[in-house]
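Below is one structure, written out as structure tokens; comments come after it.
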Amino acid sequence: MEEWKPNPAVKPHKKRSWYLAWKYKLMNQRALRKLCQTGAVLFLLVTVIVNIKLILDTRRAAYEEEEESAQDYDDEMLNVEVPRHPVNNKKVLDVEVYSSRSKVYVAVDGTTVLEDEAREQGRGIHVIVLNQATGHVMAKRVFDTYSPHEDEAMVLFLNMVARGRILIFTIKDEGSFHLKDTAKSVLKSLGSQVAPFLSWRDMWTFVGKKGGEVYGEKHAKSPALSTWGDPVLLKTEVHLTSVEDAECHWPDTELNRRRKRFCSKVEGYGSVCSCKDPTPIEFNPDPLKDNKVFDVPVAVIAGNRPNYLYRMLRSLLSAQGVNPQMITVFIDGYYEEPMDVVELFGLSGIQHTPISIKNARVSQHYKASLTATFNLFPDAKFAVVLEEDLDISVDFFSFLSQSIHLLEEDESLYCISAWNDQGYEHTAEDPSLLYRVETMPGLGWVLRKSLYKDELEPKWPTPEKLWDWDMWMRMPEQRKGRECIIPDISRSYHFGIVGLNMNGYFHEAYFKKHKFNTVPNVQLKNVESLRKDAYETEIHRLLGEAEVLDHSKNPCEDSFVPDTEGKVYVMFIRMEQEADFTTWTQLAKCLHIWDLDVRGNHKGLWRLFRKKNHFLVVGVPASPYSSKKPSSVTPIYMEPPAKEEGAAAVPAVAAAEQT
Amino acid sequence: HVVRKFLGLISSHNIPVYLIDPLILGLVDKDIEQIRSSPDGPSPECKYFCAPRDFTTFALLDKTWKHEVGLFRTAEKMGFQWLKIINKDPRLDGMDDLSGMEIPLHYIFKLASHAIHLVVFYERSGNYLWHGPLRLKQHMDRKFVPFRKLHFGRYPGAYEKPELLHVSIDDLKVQIPKNPSSFLEEMSHSRFLECRYREARAFFQLYPDDASLDAVEFRIKAKSLLHLAALTLNNLGVKFWLSSGTCLGWYRQCNVIPHSKDVDLGIFIRDYKAEIIPAFQKAGLPLKHKFGKVEDSLELSFQGEEDVKLDIFFFYEEEDHIWNGGTQAKSGKKFKYFFPKFTLCWTEFVELKVHVPCETLQYVEANYGPDWKVPVKVWDWKSSPSNVQDNGVWPVDEWDDVIQIY
């Protein structure tokens with residue numbers, strides 16, 4: 001293990017001998033079974049009265065046990081160094097592909113590279129990409145084409161796969177319901193005869209080379225709506241090409257060596273592996289003048305979503321003022337592909353053995369990552385915390401560089417965050433404007449080391465507590481009345497649609513229309529006025545200048561705010577005490593902003609934009625700014641709907657309850 | 001000449017190394033005034049670098065440098081053979097279940113009969129620099145250089161961050177530690193012990209950690225008390241080490257033992273200074289009691305935040321053992337705790353660079369017996385330790401002096 005170097009060319013042989021060992025084991029097993037059988041027959045002869053059924057059952061159990069122990073053996077085999085044979089004596093891969101209602105598997109040269117028989121998951125079309133020279137698995141995806149839009153994702157993926165790669169398809173359960181014509185014709189162009197006619201609950205397997213020959217296809221039609229097609233098993237052979245033919249011939253530079261290593265291992269990253277015109281992997285964005293965050297470590301928290309990580313790191317490394325040496329990617333689990341992505345960009349990555357489950361697993365991963373970050377950079381006073389499903393604004397570091405001194409000097413601050421929970425396309429306007437808010441938005445934020453080391457780390461929720469780290473951080477025991485600084489227009493964009501608390505619907509409703517700054521070098525305008533006391537002065541000034549809106553109108557209507565630009569308006573809503581968010585929640589709902597819990601408030605005040613006017617909402621009488629309300633104005637009250645809202649987004653509702 | 005070539009190589013790659021070779025620094029130290037006053041002056045002969053030696057040793061601060069690939073290619077073109085020694089990153093070692101990339105600890109560049117040993121220093125929590133041990137892996141060429149003669153790498157080491165000085169010696173521009181003699185002094189006892197993280201993990205498997213709020217808060221208090229004590233003693237220049245329960249906590253579980261209720265430090269009586277008590281009082285830690293006297297069984301106890309107490313035991317060196325004393329306030333009884341002789345090593349504990357006895361196992365076993373691995377909640381300092389002996393009674397007329405309780 002010591003000197004092991006990745007040598008993709010050797011792989012199939014390793015597998016082959018491994019396969020032989022397995023086969024040998026199987027034969028052994030057969031002998032064993034025979035012995036069992038003979039024994040059973042003898043047993044029968046001696047004791048005639050024994051129930052046959054019982055014996056059969058016993059035999060089955062024994063067989064199953066043997067199978068299990070064989071599997072254990074297999075696992076051990078993986079760690080054994082296998083003698084390497086020259087590359088040339090093996091040019092053919094045996095491929096087996098199985099498709100059925102409840103199980104799919106793919107075996108390459110006897111090695112199972114995909115096996116999915118879990119209930120109620122893995123539905124749709126499974127795709128595996130093999131390297132045409134080594135037989136190495138380069139990508140494994142499943143597209144739930146029973147559901148809408150997944151076929152588009154599949155087309156996107158297939159288009160990104162390089163020509164010459166070997167593609168393996170198999171359907172589990174159902175894969176045709178939302179498989180649209182575009183997708184079908186892409187499959188057809190890959191050589192599939194059946195794809196254009198795939199229909200409800202058909203079983204299907206296909207093996208072919210992208211832009212080349214077809215190695216096999218099998219299909220079983222579903223006889224009726226209520227039943228599935230019979231399972232199909234496709235066995236075929238794939239001829240390997242030479243390594244030379246499978247690789248691009250980029251000029252030999254350090255960067256291209258990284259690229260080559262990456263591109264021979266994984267697939268589905270598009271132009272980064274293009275032979276002719278590969279997209280750059282080094283970005284050299286402009287440095288920032290007087291960059292105050294150049295030496296601040298950046299922790300990227302990642303799981304096993306390598307495509308997300310790839311997109312995220314691209315945007316991070318393109319941001320002005322980025323310092324790649326300070327970036328560490330923390331991967332939750334021993335996943336190879338995210339590490340490949342990290343290495344492609346020449347960054348450092350750390351893998352973390354998962355501890356606990358679900359939310360607690362994420363929490364423990366966060367803790368380990370933050371502790372490690374401050375261990376690796378013991379001089380740092382801060383750390384930037386990012387997640388793998390964020391785009392980073394081009395002026396992210398410029399934004400932080402201009403504001404970080406506040407976090408150092410103002411003890412009433414909890415964090416600086418790049419994310420404005422209420423900053424949607426229709427409610428955010430000014431890239432140079434910052435707010436103070438009582439909530440902790442996360443999604444790209446700066447953590448003070450002293451806060452972490454002296455307060456958070458010692459008390460961090462232990463693995464058995466299934467808490468969300470961010471919910472925990474938002475609890476009053478932790479936050480202690482401190483606030484975060486956020487921009488009006490977010491400097492991060494949350495693009496992830498698969499995640500622990502995330503799904504397509506939820507993303508569309510709450511994240512898709514979020515505003516994201518794309519303007520470089522924005523000069524922030526009111527930085528000093530963000531300090532604790534100065535901010536109060538600023539708010540009073542704003543409220544003094546604000547025009548009171550017509551409270552007889554419906555605040556949900558567009559006409560509630562006049563058709564002006566650049567003015568400041570204020571409205572007053574009912575808020576009986578500090579925790580009364582009844583009206584606010586209804587208002588947030590009709591304004592189509594974040595309404596799942598309360599975000600973005602500062603002492604009963606919310607600041608956003610409507611029709612390019614600054615729009616202030618004051619909760620009366622709980623807010624200290626209530627005194628600004630003219631006596632003639634009655635605060636607006638909005639009733640919550642009579643019955644509980646449907647389960648729009650279960651995790652988020654659950655999350656909101658915790659707050 | 002090899003050094004000249006090497007310096008050319010590293011300056012062409014903008015790598016800020018500094019000279020730490022003890023032999024050369026020793027020579028330089030003799031002429032330090034002259035060298036300091038004429039940083040650019042030409043020197044008549046090759047006085048420092050040219051003595052026949054196998055090595056010249058330089059240091060490199062890891063964070064000041066990254067892109068190594070080009071360096072080695074250039075080095076090869078210049079005729080250097082090189083060797084890189086990598087190992088686990090100790091900064092992640094203490095953390096459960098993290099696996100980072102291995103980090104370079106040492107480089108050796110060889111040209112003809114001379115070699116450059118480049119030691120990589122890492123910054124660690126506790127504001128100090130660390131270098132790793134030099135361990136060859138199986139496939140490595142054991143005869144690449146006479147490894148045994150190297151000045152660095154037998155053990156890992158811990159150092160303060162040095163102030164550097166640009167000088168010109170033998171017509172070569174190099175950086176050296178500003179004060180070579182104190183660097184050499186530091187080097188002579190720089191040996192560093194890593195905490196036994198693996199054993200600590202096994203310990204917690206057996207005895208799960210106390211995660212109660214009380215335990216969490218005690219640890220926070222103990223940590224800040226230890227930081228304050230270290231600051232105070234370091235300012236006085238008094239050498240101290242983790243003793244008793246605090247040492248056991250470090251050795252057994254790499255953490256403060258939550259039910260230990262105090263922080264224990266040891267100081268050699270020869271390092272005693274009268275300023276210790278006022279310095280602690282000034283730092284906000286009032287004296288709680290003082291037992292014994294400088295000549296015999298001295299022990300100080302300071303009151304930290306709330307109920308956490310700082311105990312300082314003074315150790316007396318004898319021919320073949322070391323001991324410290326204890327006193328029972330109400331009876332005036334004296335106790336003596338015996339330890340085998342030990343030396344001091346650096347370690348990192350709760351983000352602090354502190355001393356512990358290098359021979360920690362013997363130290364802990366002397367104090368806690370062979371079952372030190374088993375946590376004990378009830379502990380009587382007069383009878384529980386394995387190394388305690390009755391030592392008579394203080395004469396009554398001395399009580400006012402040797403038993404002071406505040």
Side-chain angles (χ1 to χ4, degrees), chain A residues 1-4 253-255 257-258 282 295 297 323-326 328-334 339 342-343 346-356 361 364-365 367-380 449-450 453-465 477, chain B residues 61-73 86 89-103 122-130 136-140 161 201 208-213 215-224 227 255-256 258 348 350-353:
Chain A
M1 294 306 290
E2 194 109 71
E3 242 288 77
W4 190 82
T253 63
E254 170 56 20
L255 285 185
R257 256 178 251 165
R258 291 200 319 239
E282 197 176 58
D295 289 330
N323 179 359
Q325 289 199 29
M326 299 304 285
T328 314
V329 181
F330 293 93
I331 299 163
D332 191 13
Y334 287 87
M339 208 58 178
V342 171
E343 281 166 10
L347 299 173
S348 51
I350 290 175
Q351 289 168 313
H352 178 215
T353 311
I355 301 169
S356 193
R361 171 171 170 179
Q364 293 311 306
H365 183 49
K367 183 186 182 187
S369 306
L370 296 177
T371 301
T373 301
F374 289 120
N375 278 356
L376 291 170
F377 301 96
D379 270 358
K449 179 179 183 177
S450 59
K453 280 287 166 189
D454 300 342
E455 300 182 40
L456 303 178
E457 187 187 38
K459 288 194 289 177
W460 200 272
T462 45
E464 72 279 1
K465 300 202 176 82
E477 296 90 315
Chain B
L61 209 52
D62 159 72
K63 72 164 185 183
T64 56
W65 170 73
K66 213 81 192 181
H67 313 280
E68 51 178 86
V69 187
L71 173 72
F72 295 117
R73 256 185 245 165
I86 60 169
D89 189 337
R91 298 167 301 178
L92 300 175
D93 220 22
M95 303 199 44
D96 284 1
D97 314 305
L98 279 193
S99 68
M101 299 166 175
E102 296 204 318
I103 53 172
Y122 290 84
E123 270 181 33
R124 293 188 53 176
S125 305
N127 199 29
Y128 67 101
L129 298 182
W130 171 91
L136 297 176
K137 297 201 176 171
Q138 260 171 2
H139 60 276
M140 284 178 173
K161 293 179 191 173
R201 236 167 279 161
D209 199 13
D210 183 354
S212 68
L213 200 60
V216 166
E217 273 170 5
F218 175 73
R219 279 190 173 142
I220 294 175
K221 281 185 255 169
K223 177 178 166 185
S224 77
H227 274 251
N255 205 340
V256 173
E348 183 183 315
V350 294
E351 286 144 60
L352 209 53
K353 175 191 162 216

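So that the names make sense, note that chain A is the first sequence line, chain B the second, and so on, each numbered from 1.
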Would B:I220 and A:D454 count as a side chain to side chain contact (heavy atoms under 4.5 Å, CB included) if you check the C-alpha gap in whole Å, the side-chain angles of each, and the deciding distance to 0.1 Å? CA-CA 7 Å; B:I220 294 175; A:D454 300 342; over 6 Å; no

Structural part of [X] lying under 4.5 Å from a heavy atom of chain B:
{"X": "A:Q351", "answer": "both"}
{"X": "A:T462", "answer": "side chain"}
{"X": "A:F377", "answer": "neither"}

[atom2] on [Y] to [atom1] on [X], rounded to 0.5 Å:
{"X": "B:K63", "Y": "A:M326", "atom1": "NZ", "atom2": "CE", "value": "7.5 Å"}
{"X": "A:T373", "Y": "B:L92", "atom1": "OG1", "atom2": "CG", "value": "9.5 Å"}
{"X": "B:R124", "Y": "A:D379", "atom1": "CZ", "atom2": "CG", "value": "14.0 Å"}

Portion of [X] that has a non-hydrogen atom of chain A nearer than 4.5 angstrom:
{"X": "B:D209", "result": "neither"}
{"X": "B:D89", "result": "side chain"}
{"X": "B:E351", "result": "side chain"}

I'd like to know if the side chain of A:N375 reaches the main chain of B:R91, judged simply by a donor and an acceptor atom lying under 3.5 Å from each other, with no hydrogens or angles considered.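 Answer holds: yes.
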
Between A:G346, A:P458, A:P354, which has the largest tally of heavy atom pairs under 4.5 Å with chain B?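 Highest number of pairs under 4.5 Å: A:P458.
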
Ignoring hydrogens, what is the shortest heavy-atom contact between B:S125 and A:F374? Give both atom names and the distance.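 Distance-wise, the nearest heavy atoms are OG-O, 3.8 Å.
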
